[in-house]
Every structure is written in C-alpha cells, then in structure tokens.
Amino acid sequence: MNTAFSTTDTPPPPPHDSRSAISGKAVRPGDRIFLGLSRGSGIALLVIMAAIAVFLTYRSVLAISGDKANFFTTLDWNASGAEPKFGIAVLAFGTVVSSIVAMALAVPVAVGIALFISHYAPRRLSSTLGYVIDLLAAVPSIIYGLWGALFLVPHLTGLYTWLDDYLGWTGIFEYGGGAARSLFTVGILLAIMILPIVTSVSREVFLQVPKMHEEAALALGATRWEVIRMSVLPFGRSGVISASMLGLGRALGETMAVATVLSPSFLINASLLDPGGGTFAQNIASKFSEADQFGQDALIASGLVLFVITLLVNGAARLIIARRKEYSGAAA
C-alpha cells in the first residue's frame, strides 16, 4: 500500500537586498536616529568652523584696513597708537621656528620610545611606561611653563655655551650670554610638551601591526631591527604623520608655557639662542586684556593667520597620508 506523505510547503525567504545593506540605508528607528544625529553633528561642525572663519575674517578686515603699515612685513606691534602700525613678521617667524625646533627634537624621540614600548620592553615595563607617558600628556600647560621658567631656563646656559663653542660659526647657534629665554628654549619646552602625544598615538599604531607580517619576516631570517624597518615602520607611517600633526597643532597654538618662558620682543634674530622673539598665541595672550577695540581686532587678525596656518598644515598632512596610503598596511 502506498502511503502519501504531505509536506507543508514553506514560502522561500524574501531575497536579501544587498544593495541596501551596502549603502547603509537606515531601516530600524534606532538606525534612523543614529544616522540623523551623526549627520547633524557633521553639519554642526562645518557650521561652527564656517562661523569662526567668518567672525575672524570680519574683525581682521576692520583691523587691516586701519593699519598704517604692511601687515605681513612690519617688525612692530603698536595697534593702540594714534597711527596704528602692526605686523605679523616677528610672530610668524617665532611660531614657525619654535614649532620646527620642537618637531625636530620630539618626533624622533617619540617614535623611538613608542617602538621600545611596543616591541622591545617587557610587558610589565611597557605597561608602566605607557601609563607614565599618558599621564604626562594630561599635565596642564602652566605647569610646564613654571617648570621651564624656574628649572629649564637656568640650566640651559651650559648647553648654549657648548652650542656656541662648536656651532657658533653657523650664526644660528651664536650665544652672547644672558638668560636662556629664546626661541630655542621655547622649542625645547614645546618638544617636551608634545612628546607624550606623539608617543601615545605612535605606540597604538605600532601595536596594530599584523603579527603575520612580523612573523613572516622573522621566519625569513630578519633581525628585530629589520622587522621594524620592513614591517612596522611602513605600516605605521601614516599614523606617525597623524601623531606628528597633532603634536604640531599643540606647538603652534601653545600660549601659557611660551608666555612664561619667552622674553618677548619684536625682533628677528639670526641666532636661535638670542633672547627675544614672539609667537601668535603668546602675543594674543599677553596683549588682549589691555588692548582697546581696535587693538583686539588687530590681535584677532593675527589669530586668523594662525588659523589659516593650522588649516594648511592639517591639509598638507592629509595629502601626505593619502599619497602614502598604498605603502602602509592600513589598507591590508
């Protein structure tokens, strides 16, 4: 006898629309809310940046239109006189030079510390050093400034004398005596301040290197340094550049530490060891409280220049990272 078995036919599941999943189209209410908040945050950021730029530009035009001297080349700052004359030549020179000194001193040391913590130090020592580095990044600027004024400046005379003895013939490191309140001292202090930031970010980037890359290099007979040179540094190049730009951003805009250490004067000295000079942030902080309405507009104009310099630096960093992206392991 034949027995017929009836089976219940279940309808096939609806086809999965992969295009909507790939496009990230919001389906659930929570997804729609998150998408709206994210999009609104991005738009709000652009609006805030545009508002800042408009405000700075408007106040700067008022100041530059009343300037009786060349705003870009004048070596003086007298915005409150009967005939206001002020310029940013000294401020631009001091800001750029002190930042270059800070980057030249801090970035190699920071990368070396990050490599030691991530690939050489024992686990217990690396965790302790990482904690200390992160703690240094949280120290307020005024603390660094007080330390620089009370400890660093008095103890740099010997270094300045040594630089004058061996490199004074270049003119850049010629030392004529006096307190070490110069742009070079500012650069050293800024290097100490940005060192924790560059180290922390570089360390995290180096820890993300795929272990297969390192193990493959070791299997081929590479030494520890060859592994770092062929696998770790190429992978982390873009991350190190980003970390350096973060440090440079702090160096360009540092205020209190520079104002505490530097002896401001509107002179451009050929030697980095001569006292004097100035930076944008230090000049704004020291003159804003006593300036009149026009003087504040002049200081805002110098702030606009610093704003543009910061945007250009970050834009250049993004271009460098985009050009070298294929050589890093970020896309692997």
Side-chain angles (χ1 to χ4, degrees), residues 21-24 38 41-42 45 96 99-139 187 190-254 309-332:
I22 295 175
S23 63
S38 302
S41 300
L45 178 61
V96 172
S99 299
I100 291 175
V101 172
M103 296 295 291
L105 296 176
V107 172
V109 177
V111 172
I113 296 174
L115 288 174
F116 176 76
I117 293 175
S118 60
H119 288 81
Y120 284 95
R123 183 181 300 272
R124 185 173 299 178
L125 179 60
S126 63
S127 60
T128 303
L129 288 177
Y131 173 77
V132 173
I133 292 296
D134 294 339
L135 185 63
L136 288 175
V139 176
L190 291 177
I192 297 173
M193 295 179 65
I194 68 177
L195 184 66
I197 300 175
V198 183
T199 302
S200 298
V201 178
S202 300
R203 178 195 65 201
E204 295 301 323
V205 172
F206 293 151
L207 289 175
Q208 302 303 318
V209 178
K211 294 300 180 183
M212 292 186 298
H213 292 186
E214 300 182 25
E215 293 172 357
L218 290 173
L220 293 175
T223 62
R224 182 70 63 87
W225 163 244
E226 290 173 339
V227 170
I228 291 175
R229 182 171 58 86
M230 294 186 299
S231 300
V232 178
L233 292 179
F235 181 90
R237 182 182 292 120
S238 60
V240 172
I241 295 174
S242 301
S244 302
M245 292 305 104
L246 287 175
L248 180 58
R250 182 173 185 181
L252 289 172
E254 183 53 46
I309 292 175
T310 304
L311 291 180
L312 292 177
V313 168
N314 284 276
R318 295 297 303 174
L319 290 177
I320 295 174
I321 294 173
R323 291 183 59 185
R324 295 181 175 272
K325 185 176 180 180
E326 65 272 15
Y327 298 107
S328 69

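Every value quoted in this text rests on a predicted model; they were computed, and no experiment measured them.
Sequence neighbours left out, the pairs with a member in residues 106-119 that pass side-chain hydrogen bond (donor to acceptor under 3.5 Å, both in side chains) are H119-E214. Applying the salt bridge (Lys or Arg N to Asp or Glu O under 4.0 Å) rule to pairs touching residues 127-138 yields D134-R203, sequence neighbours excluded. Within the structure, no pair that satisfies the salt bridge (Lys or Arg N to Asp or Glu O under 4.0 Å) test touches residues 216-232, not counting sequence neighbours.
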Please step through side chain to side chain contact (heavy atoms under 4.5 Å, CB included) for the pair M103 and I100, ending with a clear verdict. CA-CA 5 Å; M103 296 295 291; I100 291 175; 5.9 Å; no
Please assess R237 against I241 for the test side chain to side chain contact (heavy atoms under 4.5 Å, CB included), listing each intermediate value before the final yes or no. CA-CA 6 Å; R237 182 182 292 120; I241 295 174; 4.2 Å; yes
Full working for side chain to side chain contact (heavy atoms under 4.5 Å, CB included) between V109 and L195: CA-CA 8 Å; V109 177; L195 184 66; 4.0 Å; yes
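When each of I194, L252, I309 is checked for a side chain to side chain contact (heavy atoms under 4.5 Å, CB included) with S99, only L252 meets the rule.
Closest non-hydrogen pair, G239 versus V205, comes out as CA-CG2, 3.9 Å.
S38 meets the side-chain contact (heavy atoms from CB on, under 4.5 Å) test with F34; sequence neighbours excluded. Partners of I197 under the side-chain contact (heavy atoms from CB on, under 4.5 Å) rule, at least two apart in sequence or in another chain, are L246, R250. In this structure V111 satisfies the side-chain contact (heavy atoms from CB on, under 4.5 Å) test together with V107, L115, F206, V240, sequence neighbours excluded. For L105, the side-chain contact (heavy atoms from CB on, under 4.5 Å) partners at least two apart in sequence or on another chain are V101, I188, A191. Scanning for side-chain hydrogen bond (donor to acceptor under 3.5 Å, both in side chains) contacts around S242 gives an empty result, with sequence neighbours left out.
Interatomic distance, CE of M212 versus OG of S231, reported as 11.5 Å (0.5 Å rounding).
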Could you give the side-chain donor-acceptor pairs of residues 125-133 under 3.5 Å, partners two or more places apart or in another chain?
{"unit_1": "S126", "atom_1": "OG", "unit_2": "P122", "atom_2": "O", "d": "3.1"}
{"unit_1": "S126", "atom_1": "OG", "unit_2": "R123", "atom_2": "O", "d": "2.8"}
{"unit_1": "S127", "atom_1": "OG", "unit_2": "R123", "atom_2": "O", "d": "3.3"}
{"unit_1": "S127", "atom_1": "OG", "unit_2": "R124", "atom_2": "O", "d": "2.8"}
{"unit_1": "T128", "atom_1": "OG1", "unit_2": "R124", "atom_2": "O", "d": "3.0"}

